[in-house]
Amino acid sequence: MSVSRAEYCVIACAEAWRDNGEVLASPMGLVPSFGARLAKRTFSPDLLLTDGEALLVGLDGEPEGWLPYRRHLTMVTGGRRHVMMGASQIDRHGNQNISCIGAWERPSRQLLGVRGAPVNTLNNPVSYWIPRHSTRVFVERVDMVSGVGYDRAVGPYHRLPRVVSDLGVFDFDTPDRTMRLASVHPGVTVDEVRAATGFGLATADAVPYTREPTAEELRLIREVIDPKGLREREVPAR
């Protein structure tokens with residue numbers, strides 16, 4: 001069966017939670033949420049899912065536990081959560097900006113504000129999902145640091161497992177902990193990724209393709225997790 005770009009992105013996001021054990025998955029966005037649910041249904045069954053407010057939920061969406069705010073704060077400060085956030089800007093060190101574009105003193109555009117990004121990145125593993133890979137997002141230096149990168153990190157729980165975009169998968173498995181192109185989605189070239197990135201990317205001699213989904217994973221994505229095909233709206237076919 002033909003696999004769409006959006007489905008490769010779901011697979012790549014799901015892989016962020018592989019071998020995480022019993023931690024709270026906190027995906028932000030459609031494709032990351034589909035990835036977390038796919039991971040729990042397949043290779044990471046111990047993941048905890050939430051309704052985003054006060055309840056732990058099962059695979060069918062039914063409540064299976066209460067997550068009061070005090071308990072949620074305990075998980076937030078102890079590395080027991082793996083967040084997948086978005087980014088308006090991200091740089092080679094993994095610093096993320098969701099606050100403003102331009103100088104902080106007089107920005108040209110006001111965004112969300114830093115919100116929980118500093119605490120997320122210092123106290124939990126944080127991955128990123130970026131549906132439109134471009135030089136406007138992947139920048140040499142973010143205009144304001146919201147989420148903390150490896151050049152600023154402190155504390156035992158800071159970790160940036162991966163960045164997933166509509167072009168490929170990135171990690172920080174380099175000697176200086178700068179961003180590396182780990183795989184490209186089928187149909188994408190390394191040169192295309194480099195042209196859409198505002199800084200020099202580390203790469204292996206031969207960059208692999210993002211892994212293929214299994215037949216069962218495709219069935220789950222298409223028939224159980226996202227039967228309405230909402231993933232294709234976030235990552236349109238190319």
Side-chain angles (χ1 to χ4, degrees), residues 4 6-87 96 98 112-131 146-147 157 159-164 166 169 211 213-235:
S4 72
E7 289 163 344
Y8 282 114
C9 291
V10 172
I11 289 293
C13 287
E15 285 288 341
W17 285 284
R18 184 179 286 274
D19 299 326
N20 275 198
E22 192 178 31
V23 303
L24 182 65
S26 295
M28 300 178 186
L30 277 177
V31 167
S33 69
F34 297 154
R37 289 161 60 190
L38 180 65
K40 183 172 176 63
R41 286 182 178 273
T42 53
F43 50 76
S44 293
D46 292 332
L47 276 183
L48 301 175
L49 302 179
T50 176
D51 66 353
E53 295 185 10
L55 297 172
L56 295 172
V57 297
L59 288 171
D60 58 0
E62 291 297 313
E64 61 178 21
W66 184 40
L67 188 64
Y69 198 56
R70 63 180 180 275
R71 178 59 179 157
H72 187 270
L73 286 176
T74 301
M75 299 179 79
V76 166
T77 58
R80 301 298 299 168
R81 185 172 68 143
H82 184 166
V83 185
M84 183 169 279
M85 300 174 65
Q96 170 239 35
I98 53 173
L112 293 173
V114 298
R115 300 179 71 85
V119 173
N120 286 344
T121 48
L122 290 177
N123 293 322
N124 303 273
V126 173
S127 294
Y128 291 104
W129 160 241
I130 299 167
S146 302
Y157 300 119
R159 185 165 64 90
L160 307 177
R162 66 171 41 194
V163 177
V164 180
D166 59 331
V169 179
R211 78 163 176 90
T214 66
E216 176 62 9
E217 286 171 333
L218 274 183
R219 185 192 71 81
L220 287 170
I221 292 170
R222 295 173 178 180
E223 299 179 14
V224 179
I225 296 172
D226 182 29
K228 295 182 179 180
L230 299 178
R231 61 193 179 278
E232 306 296 339
R233 297 183 188 178
E234 193 159 38
V235 185

Taking all atoms of both residues into account, what is the closest heavy-atom pair of [X] and [Y], and its distance?
| X | Y | answer |
| --- | --- | --- |
| R80 | E22 | NH2-O, 2.5 Å |
| G35 | A14 | O-CB, 3.2 Å |
| N20 | A16 | ND2-O, 3.8 Å |
| T121 | Y128 | CG2-OH, 3.5 Å |
| L49 | L24 | C-CD1, 4.4 Å |
| I98 | A87 | CG2-CA, 4.0 Å |

Report yes if some heavy atom in the side chain of [X] is under 4.5 Å from a heavy atom in the side chain of [Y]; otherwise report no.
| X | Y | answer |
| --- | --- | --- |
| E7 | E217 | no |
| V164 | W129 | yes |
| Q96 | V126 | no |
| F43 | E15 | yes |
| V224 | R41 | yes |
| V163 | V169 | no |
| L230 | F34 | yes |

So, taking the atom named [atom1] in [X] and the one named [atom2] in [Y], what distance separates them when rounded to the nearest 0.5 Å?
| X | Y | atom1 | atom2 | result |
| --- | --- | --- | --- | --- |
| W17 | R162 | CH2 | CZ | 10.0 Å |
| C9 | E234 | SG | CD | 8.5 Å |
| L38 | I225 | CG | CD1 | 4.5 Å |
| I11 | T42 | CD1 | OG1 | 7.5 Å |
| L220 | K40 | CG | NZ | 13.5 Å |
| D226 | S33 | CG | OG | 8.5 Å |

*Could you verify whether a donor N or O on one side chain and an acceptor N or O on the other, from N120 and R81, lie under 3.5 Å apart?*
yes
*Check whether more than 12 heavy atoms from other residues, nucleotides or ligands sit under 6.0 Å from atom CZ of R115, and answer yes or no.*
no
_Tell me whether the count of non-hydrogen atoms from other residues, nucleotides or ligands lying under 6.0 Å of CD in E216 goes above 12._
yes
*Which one of S26, S44, S127 satisfies the side-chain hydrogen bond (donor to acceptor under 3.5 Å, both in side chains) criterion with H82?*
S127
